Amino acid sequence: MSKYYQPEIETASPEQIRALQDERLVRQVKHVWDNVPYYRKKMEEKGITPDDIKSVDDLKKLPFVTKADLRDCYPYGLLAKPLSECVRIQSTSGTTGKRVVAFYTQHDIDLWEDCCARAIMAAGGTNEDICQVSYGYGLFTGGPGLNGGSHKVGCLTLPMSSGNTERQIQFMTDLGSTILCCTPSYAAYLAESIEEMGLRDRIKLKAGIFGAEAWSENMRRDIEDKLGIKAYDIYGLTEITGPGVSFECEEQTGMHINEDHFIAEIIDPETGEVLPEGEKGELVFTSITKEAFPLLRYRTRDICILSRKKCSCGRTLVKMCKPMGRSDDMLIIRGVNVFPSQIEEVLLSIKSGEITPNYQIIVDRVNNTDTFEVNVEMSESFFTDDIKSIANIEKQITDRLRSVLGIGAKVRLVNPKTITRSEGKAVRVIDKRKI
Amino acid sequence: MYITQLSVFVENRVGNLDEILEVLSQNGINIRALSMADTSEFGILRMIVDDTDKAKEKLREIGVVVKSSEVIAQHIDDTPGGLQKVISKLKQGGVSVEYLYAFLNRENDTAQVVLRVDDTKKAEQLLK
């Protein structure tokens with residue numbers, strides 16, 4: 001098998017890609033204008049029509065789409081195809097309360113899976129491989145995306161989903177998995193467990209595709225050494241499609257963006273101006289092939305740099321570096337997006353607002369796994385002499401956080417006014433992770 | 001007899017209890033009885049002190065969450081069976097005890113129990 005899934009795209013000349021993008025962008029803008037009144041209104045407010053968009057050069061004329069737009073349009077407001085043509089939704093957390101819901105037609109699923117297939121082949125995957133997908137399955141895009149890509153490559157796919165480490169390792173050793181797909185922190189955890197169980201000699205892994213959270217080069221080397229593999233990064237977001245928006249090749253110096261489907265721009269997060277290539281700024285994506293949920297100029301809030309330096313793998317697709325930070329307050333904890341405002345909302349929803357929403361999030365990384373603690377200030381309005389009723393409120397907070405965020409937090413009740421304040425403003429997030 | 005009890009929230013952190021006790025000591029407040037209830041995450045310190053209002057005020061000043069409430073303080077004989085006599089009376093009246101703690105009164109050699117029950121009024125009548 002070739003090392004490319006779609007060589008005609010992955011190794012096309014920049015001119016060919018550009019021509020494809022021009023044509024697809026023009027068509028996509030028309031599609032959105034015709035089918036998404038919300039975005040059409042945004043365009044009208046800027047005084048532009050689809051006739052103004054003739055090529056990628058005109059992209060900068062289009063208005064941005066932000067998380068706030070997704071929230072305002074929840075759930076159907078940005079849908080561009082009738083529901084009868086949609087076959088799937090995936091979802092991720094939104095800024096406040098409402099989740100982001102993304103829709104897919106069968107065509108959209110196909111192109112997403114193609115993107116993931118490219119990532120798997122870039123990591124050396126072929127139809128001879130056994131691909132263990134240990135990302136979560138369900139609303140989270142990680143599992144379904146890599147699962148689909150693995151099928152397209154023709155790997156024997158193990159749809160493990162996340163968790164149940166013993167069973168993961170049992171399948172890995174008994175069936176001889178050769179590729180592992182999961183979050184980097186889970187990979188590190190698996191690596192440690194394998195070491196502890198003395199099973200290093202019995203695993204046949206050669207590559208890992210790890211994404212959905214930040215990880216350092218040190219962590220990469222550590223996982224590579226412990227598992228005896230090459231570890232590849234993968235990037236994506238539900239709003240745009242899911243994992244596979246970009247992927248790493250054997251050079252391991254950035255992720256190739258699937259430019260035939262997504263046009264990337266780097267903007268100044270303050271002014272919204274497009275920055276010249278090579279400058280650091282906020283990453284913006286325009287999806288030019290998706291039918292059901294086609295976002296134009298979606299602001300990812302990820303801070304990043306793009307590079308067109310020639311890559312030794314032969315791919316000509318532009319490369320993005322690992323995201324270097326965020327231009328908003330979103331945290332990624334164990335691969336899950338967490339907004340501090342979600343925690344405030346949970347606290348306000350408990351016991352009809354008796355709890356002061358004075359909280360502090362403390363995130364750390366211990367043994368390559370994120371720890372997540374939420375400190376909540378006790379107040380006289382919810383303190384009682386009855387230990388059971390306080391413990392019960394504490395449990396309600398824990399349960400609600402889990403259901404809203406999708407991950408568990410350790411809730412600690414603390415004395416009033418003990419949460420650090422900086423110039424009168426409470427410090428909501430303490431992120432001790434050194435990535 | 002009713003008596004005022006202070007309930008204090010104690011954060012699960014090294015030194016928090018010490019801070020609370022230090023305030024009481026610095027202000028010359030004497031603890032006559034106390035009990036500590038705890039879960040793995042936090043605790044409630046229940047106390048009878050000699051100057052309830054002052055204790056409350058001083059604890060609030062350092063940001064401690066404190067509440068006062070009326071509990072039953074019942075004299076019992078400091079002899080075998082003394083406590084059981086009281087509990088039996090409550091049982092016969094169908095009153096359930098949520099918690100209790102006891103202390104000795106050195107001056108007249110009696111013991112006292114502090115009782116929190118589910119029906120305070122009824123308990124009082126039963127114990128008359």
Side-chain angles (χ1 to χ4, degrees), chain A residues 343 346-347 350-351 353-362 364 366 371-402 408-422 424-427 430 432, chain B residues 2-23 33-48 52 55-72 96-101 114-120:
Chain A
I343 287 147
V346 165
L347 295 179
I350 304 275
K351 254 201 135 189
E354 274 178 37
I355 295 173
T356 43
N358 268 334
Y359 64 92
Q360 187 171 54
I361 301 167
I362 299 169
D364 203 349
V366 179
T371 61
F372 177 28
E373 239 179 65
V374 177
N375 286 350
V376 181
E377 279 187 2
M378 178 50 93
S379 70
E380 292 207 356
S381 63
F382 101 84
F383 178 65
T384 77
D385 180 51
D386 179 13
I387 206 150
K388 269 178 281 170
S389 74
I390 301 176
N392 183 34
I393 292 176
E394 192 183 55
K395 186 175 178 298
Q396 271 184 54
I397 299 173
T398 309
D399 291 349
R400 276 206 62 100
L401 282 174
R402 179 182 287 282
K410 183 169 167 51
V411 173
R412 280 188 64 225
L413 298 173
V414 299
N415 281 333
K417 308 206 171 55
T418 50
I419 283 171
T420 342
R421 276 145 174 97
S422 155
K425 220 174 159 260
V427 180
I430 297 182
K432 300 179 182 168
Chain B
Y2 287 122
I3 189 169
T4 307
Q5 167 189 266
L6 291 182
S7 305
V8 179
F9 172 73
V10 185
E11 190 186 314
N12 181 14
R13 168 174 61 81
V14 174
N16 193 211
L17 183 60
D18 185 49
E19 284 160 27
I20 292 164
L21 297 176
E22 194 186 350
V23 168
L34 93 166
S35 118
M36 177 91 179
D38 71 298
T39 70
S40 58
E41 299 308 324
F42 65 92
I44 298 177
L45 178 65
R46 298 175 178 128
M47 301 183 284
I48 310 292
T52 308
K56 221 162 132 179
E57 183 197 320
K58 295 295 172 191
L59 285 170
R60 278 191 178 141
E61 272 173 20
I62 63 155
V64 168
V65 178
V66 54
K67 266 197 178 160
S68 55
S69 57
E70 300 294 298
V71 287
I72 297 170
S96 156
V97 176
E98 280 166 23
Y99 61 79
L100 65 81
Y101 52 101
V114 175
L115 282 162
R116 163 81 74 190
V117 294
D118 61 350
D119 188 340
T120 311

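Hydrogens, waters and symmetry mates play no part in the numbers below; they use all other heavy atoms, side chains included. First the proteins, then the strands, lettered A, B, ... as listed; each starts at 1. The structure presented is a predicted model; accordingly, all values stated were derived computationally and were not measured.
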### Query
chain A heavy atoms under 4.5 Å from B/D38: which part of the residue, side chain, backbone, both or neither?
backbone

### Residues which pass side-chain hydrogen bond (donor to acceptor under 3.5 Å, both in side chains) with A/T398, listed by chain and number, not counting sequence neighbours
none

### side chain to side chain contact (heavy atoms under 4.5 Å, CB included) against A/I430, all qualifying residues, sequence neighbours excluded
A/Q360, A/I362, A/T420, A/V427, A/K432

### Query
Taking only residues two or more places apart in sequence, or in another chain, which ones meet A/D386 in a side chain to side chain contact (heavy atoms under 4.5 Å, CB included)?
A/T384, A/K388, A/S389

### Query
If you count heavy-atom pairs under 4.5 Å between each of B/V10, B/V66, B/T39 and chain A, which one has the most?
B/V66

### Query
So, do A/M378 and B/F42 sit near enough that their side-chain heavy atoms are less than 4.5 Å apart?
no

### Task
Determine whether B/E41 and A/K410 make a side-chain contact, defined as any pair of heavy atoms from C-beta on separated by less than 4.5 Å.
yes

### Message
Donor-acceptor pair, distance only, cut-off 3.5 Å: does the side chain of B/K67 make one with the backbone of A/D385?
### Response
no

### Message
For the CZ atom on B/R13, are there more than 12 heavy atoms of other groups (residues, nucleotides or ligands in this structure) within a distance under 6.0 Å?
### Response
yes

### Task
Please flag which part of B/E98 lies under 4.5 Å from any non-hydrogen atom of chain A: side chain, backbone, both or neither.
neither

#### Entry: Per-residue contacts, residues 411-419 of chain A versus chain B, heavy atoms under 4.5 Å
A/V411, A/R412, A/L413, A/V414, A/N415, A/P416, A/T418

